[in-house]
> 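Here's a structure for you.
By convention in this document, chain letters (A, B, ...) are assigned in the order of the sequence lines, proteins followed by strands, and residues within each chain are numbered from 1.
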Protein chains: 2
Amino acid sequence: MNRASYRTIGRLTHYWRALRDLEAEGQTYAYSHLLAAKAQVTAAQVRRDIMVLGYSGTPARGYEVRRLVECIEAYVFPSSEQRAAIAGMGNIGLALLKFFTGRRPNLHVTASFEADPEKFDRLIYGCRCYSIDSAGEVIRREGISVGILAVPDAEAQYVADVFVAAGIRGILNFARTPLEVPAGVYVENIDLAMSLDRVAFFARQSLKTERAVLPAGTPLDKASAGGTPSDEAPSANKESES
Amino acid sequence: MNRASYRTIGRLTHYWRALRDLEAEGQTYAYSHLLAAKAQVTAAQVRRDIMVLGYSGTPARGYEVRRLVECIEAYVFPSSEQRAAIAGMGNIGLALLKFFTGRRPNLHVTASFEADPEKFDRLIYGCRCYSIDSAGEVIRREGISVGILAVPDAEAQYVADVFVAAGIRGILNFARTPLEVPAGVYVENIDLAMSLDRVAFFARQSLKTERAVLPAGTPLDKASAGGTPSDEAPSANKESES
DNA sequence: TTCGCATTGTGATTTGTTTCACATGGAATG
DNA sequence: CATTCCATGTGAAACAAATCACAATGCGAA
Ligand SMILES: NC(=O)c1ccc[n+]([C@@H]2O[C@H](COP(=O)([O-])OP(=O)(O)OC[C@H]3O[C@@H](n4cnc5c(N)ncnc54)[C@H](O)[C@@H]3O)[C@@H](O)[C@H]2O)c1
Ligand SMILES: NC(=O)c1ccc[n+]([C@@H]2O[C@H](COP(=O)([O-])OP(=O)(O)OC[C@H]3O[C@@H](n4cnc5c(N)ncnc54)[C@H](O)[C@@H]3O)[C@@H](O)[C@H]2O)c1
């Protein structure tokens with residue numbers, strides 16, 4: 001039972017969602033196959049990931065849905081109130097706040113920070129907006145451990161420094177600035193411009209190889225394995241190889 | 001000069017951004033070291049990535065900034081107009097449309113699709129909003145090859161099917177539904193809820209190990225390598241090992 | 001009760017990616 | 001002109017992650 005990797009943590013949340021659905025349907029047991037299909041990975045991958053939980057299913061029955069849900073929750077979700085803050089109430093900042101509000105039982109966005117005085121002291125989706133200048137104080141007072149960065153690129157490092165100095169240990173960064181943070185602070189970068197570039201790139205490639213390989217407008221056959229769960233190599237799968 | 005991997009494409013866009021900055025500063029040459037520092041990767045990684053471009057720098061001078069910029073553009077960016085569409089003009093859909101508009105020379109969001117009749121036929125950020133029912137027709141007519149999915153989870157597969165049937169070959173998917181698409185269609189999933197869970201997880205872990213390892217409120221030292229460029233293992237780096 | 005079978009858990013293997021390490025070579029210096 | 005320095009390009013090694021393959025297991029049918 002060794003430590004879970006970055007990717008395993010991500011997949012566990014996918015299994016969790018699938019299991020919740022199964023539970024809602026009244027299923028009490030599930031095989032690795034089924035979870036694999038729902039999360040678009042292999043069955044072996046599912047079993048490996050579940051190993052880190054220390055929970056075992058039984059052959060012939062598979063995994064007990066309720067128990068597995070509980071194990072994943074105990075492993076990846078906070079067991080007691082954990083707080084987050086968002087800096088930058090612009091386009092994505094607002095969308096994220098709205099989206100994340102009330103989504104996880106023990107994970108709450110309890111503060112937002114702005115540089116624009118227009119927005120100070122207002123309640124946005126039930127969450128108080130403070131001046132970025134008081135961020136250190138608020139973060140410490142409320143015990144916030146997670147920070148979401150939705151400020152302009154040029155401000156990102158500055159706000160990250162404020163966050164880290166105040167005790168934040170995990171940052172979800174939407175700015176396209178690679179952040180410098182002390183060892184031990186976890187940063188996950190989400191670079192949407194890059195993602196779009198990449199999708200456009202592989203879309204072009206797909207068009208190119210299609211034209212090169214197929215005689216005419218051959219219809220694409222529905223071979224489920226085509227997609228590319230974020231974080232993997234593109235489906236360079238040869239198409240309809242018949 | 002073998003094919004570029006998913007991750008190489010992503011990093012190339014980072015080098016590109018760094019190079020543009022250098023160019024703006026008047027630099028005409030750059031070493032792999034420098035690019036590595038700016039993109040938070042190793043110098044060897046930079047050289048490896050650049051290999052796929054077929055461009056060579058010179059020892060003692062490094063890479064010619066202008067030429068390298070051009071090579072990256074020629075390799076990863078569209079050489080002629082490429083079009084994209086967004087489905088779902090809700091929270092993120094709107095933020096994305098605004099953000100992506102006019103950002104890349106040859107990549108344009110030229111249409112958006114909605115199910116809500118309130119939004120039909122309006123111009124949003126200069127982009128026409130159509131009924132999802134006419135998506136097939138519009139996509140074919142305009143030659144759109146990239147689709148962005150910002151619709152509710154339950155609608156994602158349906159819209160993806162419409163997209164694919166109309167000829168879209170790359171999808172940026174914000175819904176948390178794993179999509180089934182034919183082989184050859186590239187899908188990049190962005191699961192923000194998962195990312196937040198993960199950041200929260202590693203933030204908790206960081207707090208835990210800190211408490212376990214450090215005697216008291218030892219200050220974190222600014223060791224630049226601490227962060228975690230998305231897509232990698234968390235900085236399980238031992239902290240201040242003195 | 002026994003057998004057959006489908007499924008789990010995991011060692012071994014493969015696959016893919018990053019890093020190392022060094023031969024190569026251009027530029028500057030004396 | 002020779003020598004020194006440093007950075008590049010790349011084969012080889014190291015590493016990480018996913019997959020394979022199979023022994024172990026327990027259920028249900030006979
Ligand atoms: N909107 C998108 O879809 C999108 C997509 C990809 C990346 N991004 C990135 O996200 C970041 C924000 O994007 P946006 O579109 O929401 O921008 P935006 O301009 O709409 O919002 C930025 C907000 O941050 C506030 N702000 C500025 N400096 C601040 C500071 N020091 N402290 C606190 N708040 C501060 C501004 O007042 C503004 O409200 C940018 O780095 C951008 O590159 C946005
Ligand atoms: N908002 C966020 O920050 C955020 C974060 C993570 C994930 N997501 C995901 O993104 C998706 C959309 O989120 P949102 O917050 O923008 O939701 P939203 O409800 O604000 O927007 C969805 C939009 O899609 C439209 N729509 C519904 N069915 C459609 C169809 N068949 N064709 C075209 N348009 C249709 C709706 O009219 C609505 O305008 C969801 O899957 C959500 O899980 C959103």
> Starting at atom CD of B:Q45, determine the distance to atom P of D:dC15, rounded to an integer number of angstrom.
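Rounded to whole Å, this separation is 16 Å.
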> In whole Å, I'd like the distance from the OH atom of A:Y31 to the P atom of C:dT8.
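Distance, rounded to whole Å: 8 Å.
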> Less than 3.5 Å apart, any donor N or O on the side chain of A:D153 or A:T177 sitting next to an acceptor on the other?
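On atom types as modelled, these side chains do not qualify, holding no pair under 3.5 Å.
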> Are B:Y75 and A:F201 an aromatic pair by the rule of ring centers under 6.0 Å?
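Between A:F201 and B:Y75, which both carry aromatic rings, the centre distance is below 6.0 Å.
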> Taking side chain as C-beta onward, heavy atoms only, is B:I9 less than 4.5 Å from A:R198?
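In short, these two side chains touch, coming nearer than 4.5 Å.
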> Quick one: do the A:Y29 and A:Q27 side chains pair a donor with an acceptor below 3.5 Å?
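No, because no side-chain N or O of A:Y29 sits under 3.5 Å from a partner of the opposite role on A:Q27.
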> I want to confirm an ordering. Mapping A:T58 and A:T42 to their closest nucleotides on DNA chain D, which one lands closer to the 5' end?
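Residue closer to the 5' terminus by nearest nucleotide: A:T42.
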> Looking only at side-chain N and O atoms, does A:Y29 come under 4.0 Å of OP1 or OP2 in C:dA6?
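It does not, given that no N or O in the side chain of A:Y29 lies less than 4.0 Å from OP1 or OP2 of C:dA6.
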> Take the protein atom CZ of A:R47 and the nucleotide atom P of C:dT10, then report the distance between them rounded to whole Å.
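Nearest whole value for this atom pair: 11 Å.
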> Separation of A:R3 atom CZ from D:dA16 atom C1', in whole Å?
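Those two atoms, CZ and C1', are 17 Å apart.
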> Provide, to the nearest angstrom, the distance between the OH atom belonging to B:Y55 and the C1' atom belonging to D:dA7.
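It is 13 Å, rounded to the nearest whole Å.
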> Is the phosphate of C:dC20 approached by B:R48 (side-chain N or O, under 4.0 Å from OP1 or OP2)?
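B:R48 to C:dC20 OP1/OP2: no side-chain N or O under 4.0 Å.
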> Side chain of A:S5 only, please: which of D:dA17, D:dA7, D:dG9 is the nearest?
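Among the listed nucleotides, the one closest to the side chain of A:S5 is D:dA17.
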> Taking only side-chain nitrogens and oxygens of B:R7, does any of them come within less than 4.0 Å of OP1 or OP2 of C:dG16?
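The answer is no; no side-chain N or O of B:R7 sits under 4.0 Å from OP1 or OP2.
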> Between B:M51 (CE) and C:dT19 (P), how many Å, whole number?
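One finds 16 Å between P of C:dT19 and CE of B:M51, rounded.
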> Have a look at B:T8 and say if it touches a base, only the backbone sugar-phosphate, or nothing, with a 4.0 Å heavy-atom cut-off.
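Answer is nothing: B:T8 stays at 4.0 Å or more from every strand.
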> Rounded to the nearest Å, what distance is computed from the CZ atom of residue B:R61 to the P atom of nucleotide D:dG9?
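The answer, rounded to whole Å, is 15 Å.
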> Look at the side chain of B:S56 and decide which nucleotide, out of D:dC20, C:dG9, D:dG9, has an atom nearest to it.
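Nearest to the side chain of B:S56 among the choices is D:dG9.
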> Quickly work out the A:L68 CG to C:dT8 C1' distance and round it to whole Å.
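Taking atom C1' of C:dT8 as the reference, CG of A:L68 is at 13 Å.
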> So, are B:R17 and A:D191 salt-bridged, with charged N and O less than 4.0 Å apart?
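The answer is yes: the pair qualifies as a salt bridge.
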